[in-house]
Amino acid sequence: MGAYQDLEKSRLSVTQISESEIQATFLFDEGLALFKGHFPGHPILPGIFQLEMVKNVMEKITEKRFTIQTVKKTKFLHVIRPGEQVALSLAVSFLDVRSSTVKAVIRINDTIAGKANLVLSECA
């Protein structure tokens, strides 16, 4: 199984609170392909997959495919290890019919593990 399939497999739940607020949870097993090489003996979730979590949740909610058009700002504050339940909070602003700005906060328990501000565009 590839790393992106691992991401899909690890998503536990997605809840749309309102048109502009979405909550999701993920739980990553240590044996997943996305941990290979990052880092041997001390696996952590790569930053790119934290951004892909945002895209994955938006695709699940909208049933559309997206690409990350722009990463406006990202800050990784805490490592995410296998076996930790990850909570994702999204605040969505629609720029136009095909693109959205998404502000994401990634948490492990009460600890903020990361923040990201992305522009996602719908794939044609």
Side-chain angles (χ1 to χ4, degrees):
M1 186 178 289
Y4 288 95
Q5 290 80 14
D6 287 350
L7 184 64
E8 180 75 20
K9 177 182 168 188
S10 300
R11 187 184 61 237
L12 298 177
S13 68
V14 177
T15 305
Q16 187 161 11
I17 308 300
S18 69
E19 186 174 310
S20 62
E21 186 181 355
I22 302 166
Q23 303 286 323
T25 56
F26 289 80
L27 182 64
F28 300 96
D29 292 327
E30 186 170 346
L32 297 175
L34 59 88
F35 290 113
K36 290 188 178 168
H38 204 269
F39 295 96
H42 303 284
I44 62 171
L45 186 67
I48 188 64
F49 282 99
Q50 294 177 48
L51 301 180
E52 287 292 332
M53 287 166 53
V54 174
K55 184 177 81 106
N56 178 278
V57 168
M58 287 293 292
E59 290 176 340
K60 178 69 174 176
I61 286 292
T62 64
E63 297 181 351
K64 297 177 181 176
R65 303 246 329 138
F66 289 95
T67 185
I68 297 173
Q69 180 180 335
T70 307
V71 178
K72 291 184 173 184
K73 187 175 183 181
T74 301
K75 199 170 253 200
F76 301 113
L77 302 165
H78 190 277
V79 297
I80 299 173
R81 300 195 186 284
E84 294 179 316
Q85 187 164 313
V86 181
L88 183 63
S89 300
L90 305 182
V92 182
S93 300
F94 297 96
L95 298 173
D96 56 43
V97 179
R98 297 184 56 127
S99 61
S100 304
T101 295
V102 182
K103 292 182 180 179
V105 177
I106 303 163
R107 287 186 175 83
I108 303 168
N109 299 318
D110 293 330
T111 302
I112 295 177
K115 295 181 178 183
N117 188 347
L118 312 171
V119 175
L120 300 178
S121 294
E122 186 181 335
C123 296

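Glu19 is not listed as a side-chain neighbour of Val92, based on a closest heavy-atom distance of 4.5 Å or more. With a 4.5 Å cut-off on side-chain heavy atoms, Asp6 and Phe28 do not count as touching. Side-chain contact check for Phe35 versus Leu45: some heavy-atom pair is nearer than 4.5 Å.
Of all non-hydrogen atoms in Leu7 and Asn56, the two that sit nearest each other are CD2-CB, 4.1 Å. Of all heavy-atom pairs spanning Pro46 and His38, the tightest one is CA-CE1, 3.5 Å. Ile22 and Val14 make their closest contact through CG2-CG1, 3.9 Å (heavy atoms, listed as atom of the first residue, atom of the second, distance). The heavy-atom pair separating Phe26 from Met53 by the smallest distance is CD1-CE, 3.5 Å. What you find for Cys123 and Phe66 is that their closest heavy atoms are SG-C, 3.6 Å. Shown here for Pro82 and Asp29, the closest heavy-atom pair between the two residues is CB-C, 4.0 Å.
The CG atom of Leu77 sits 10.5 Å away from atom CD1 of Ile108, with the distance rounded to the nearest 0.5 Å. Between Arg65 atom CZ and Thr62 atom OG1 the span is 10.5 Å, to the nearest 0.5 Å. Atoms CD1 and CD1, on Ile80 and Ile106 in that order, are 5.5 Å from each other to the nearest 0.5 Å. Taking CG of Leu118 as the start and CG of Leu51 as the end, the distance is 5.5 Å to the nearest 0.5 Å. Atom CD of Gln16 is separated from atom OG of Ser18 by 7.0 Å, given to the nearest 0.5 angstrom. The line from CG of Asn117 to NZ of Lys72 is 5.5 Å long, rounded to the nearest 0.5 Å.
Hydrophobic clustering, with ILVMFWY side chains joined whenever heavy atoms are under 4.5 angstrom apart, groups Tyr4 together with Val71. Hydrophobic cluster membership is shared by Leu90 and Ile48, with clusters built from Ile, Leu, Val, Met, Phe, Trp and Tyr side chains linked at under 4.5 angstrom. Phe94 and Val119 sit in two unconnected hydrophobic clusters of ILVMFWY residues. Membership requires side-chain heavy atoms under 4.5 Å apart, directly or through other members. Leu95 and Val54 are members of different hydrophobic clusters when ILVMFWY side chains are connected at heavy-atom separations under 4.5 Å.
A distance-only check finds no donor-acceptor pair linking the side chain of Arg107 to the backbone of Ala87 [under 3.5 Å]. In this structure a side-chain-to-backbone donor-acceptor pair under 3.5 Å is present from Glu84 to Arg81.
In the displayed structure, Asn109 atom CG is contacted under 6.0 Å by at most 12 heavy atoms of other residues, nucleotides or ligands. Surrounding NZ of Lys115 are at most 12 heavy atoms belonging to other residues, nucleotides or ligands under 6.0 Å away.
At a cut-off of 3.5 Å, with distance as the only test, no side-chain donor of Ser93 or Thr101 sits close to an acceptor on the other residue.
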Would Thr67 and Ser121 count as a side chain to side chain donor-acceptor pair (under 3.5 Å) if you check the C-alpha gap in whole Å, the side-chain angles of each, and the deciding distance to 0.1 Å?
-> CA-CA 5 Å; Thr67 185; Ser121 294; over 6 Å; no
Derivation and outcome, side-chain contact (heavy atoms from CB on, under 4.5 Å), residues Glu52 and Ile68 | CA-CA 8 Å; Glu52 287 292 332; Ile68 297 173; 4.0 Å; yes
